Amino acid sequence: VQLQASGGGLVQAGGSLRLSCTASGNVFSISAMGWYRQAPGNQRELVATITSGGVTNYADFVKGRFTISRDNAVDTAYLQMNSLKPEDTAVYYCNLVLRTAIYWGQGTQVTVSS
């Protein structure tokens, strides 16, 4: 399984970005997906997850601003990020969870300027 994350960039506060994470390996539809982030000097933290059945979970600090979704037809998970804040600046990573195995993508940088 390999994950390819994309969609990061530089945006002004209040702006939006959509991250994508495409999986190879023909296991996407039966796997849970997650987005995490890591800012300099901080530990990696959970942003949002979505089960294979579409049940979502969000960290409190993104509720109402971020939306996780998935498209099994193209083996891709998305993170729509609205109302971005400077404190959202971090490297964003996607992961795929299949039973007890966890796979990580390479990360994509999101920078929010004030």
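We're numbering straight along the sequence, starting at 1. The shown structure was predicted, so the numbers you read here are calculated from the model rather than taken from an experiment. Below, all heavy atoms of this structure are taken into account, side chains as well, without hydrogens, waters or symmetry copies.
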[atom1]/[X] to [atom2]/[Y] distance, rounded to the nearest 0.5 angstrom?
X	Y	atom1	atom2	answer
Ser29	Asn72	OG	CG	5.5 Å
Gln2	Ser24	CD	OG	4.5 Å
Thr22	Leu96	OG1	CG	11.5 Å

Exercise for review: Taking side chain to side chain contact (heavy atoms under 4.5 Å, CB included) as the test, write out the residues that go with Gln4, two or more places apart.
Suggested key: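 Checked Gln4 against side chain to side chain contact (heavy atoms under 4.5 Å, CB included); matches are Gln106.
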**Study point:** All side chain to side chain contact (heavy atoms under 4.5 Å, CB included) counterparts of Val110, not counting sequence neighbours
**Key:** Leu17, Leu19, Met81, Tyr92, Val112
Exercise for review: Any pair with a residue in residues 21-64 that passes ring pair (Phe, Tyr, Trp, His ring centres under 6.0 Å), sequence neighbours left out, goes on the list, sorted by first then second residue, please.
Suggested key: Tyr36-Trp104
Practice item. If a pair satisfies side-chain hydrogen bond (donor to acceptor under 3.5 Å, both in side chains) and one of its residues is in residues 8-21, list it, with sequence neighbours excluded. Key: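 Of all non-adjacent pairs touching residues 8-21, those that pass side-chain hydrogen bond (donor to acceptor under 3.5 Å, both in side chains) are Ser16-Asn82.
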Exercise for review: Using the side-chain hydrogen bond (donor to acceptor under 3.5 Å, both in side chains) rule, collect all pairs that involve residues 44-57, keeping only residues at least two apart or in two chains.
Suggested key: Arg37-Glu45
**Study point:** Residue pairs fulfilling salt bridge (Lys or Arg N to Asp or Glu O under 4.0 Å) with at least one residue in residues 92-114, sequence neighbours excluded
**Key:** none
**Study point:** Summary of salt bridge (Lys or Arg N to Asp or Glu O under 4.0 Å) pairs that have at least one residue in residues 70-82, sequence neighbours excluded
**Key:** none
Check your understanding: Crowded around Glu87 CD? As in, over 12 foreign heavy atoms under 6.0 Å?
Key ->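 Counting neighbours around CD of Glu87, more than 12 heavy atoms of other residues, nucleotides or ligands fall under 6.0 Å, so yes.
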Same apolar cluster: [X] and [Y], side chain cutoff 4.5 Å:
X	Y	result
Leu46	Leu84	no
Ile68	Leu3	yes
Met33	Ile102	no
Val97	Ile50	no
Val11	Val91	no

Point to revise | Backbone of Ala39 reached by a side-chain donor or acceptor of Asn42 within 3.5 Å | key: no
Review point. Quick one: are Tyr103 and Asn95 in side-chain contact, heavy atoms under 4.5 Å?
Key: no
**Study point:** Heavy-atom side-chain proximity of Val1 to Val27 below 4.5 angstrom
**Key:**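 With C-beta onward as the side chain, the pair touches.
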**Study point:** Members besides Tyr78 in its Ile/Leu/Val/Met/Phe/Trp/Tyr cluster (side-chain heavy atoms under 4.5 Å)
**Key:**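 Answer for Tyr78: Val74.
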By side chain to side chain donor-acceptor pair (under 3.5 Å) - contacts of [X] (at least two apart):
X	answer
Thr89	none
Asp60	Lys63
Thr108	none
Gln109	Thr111

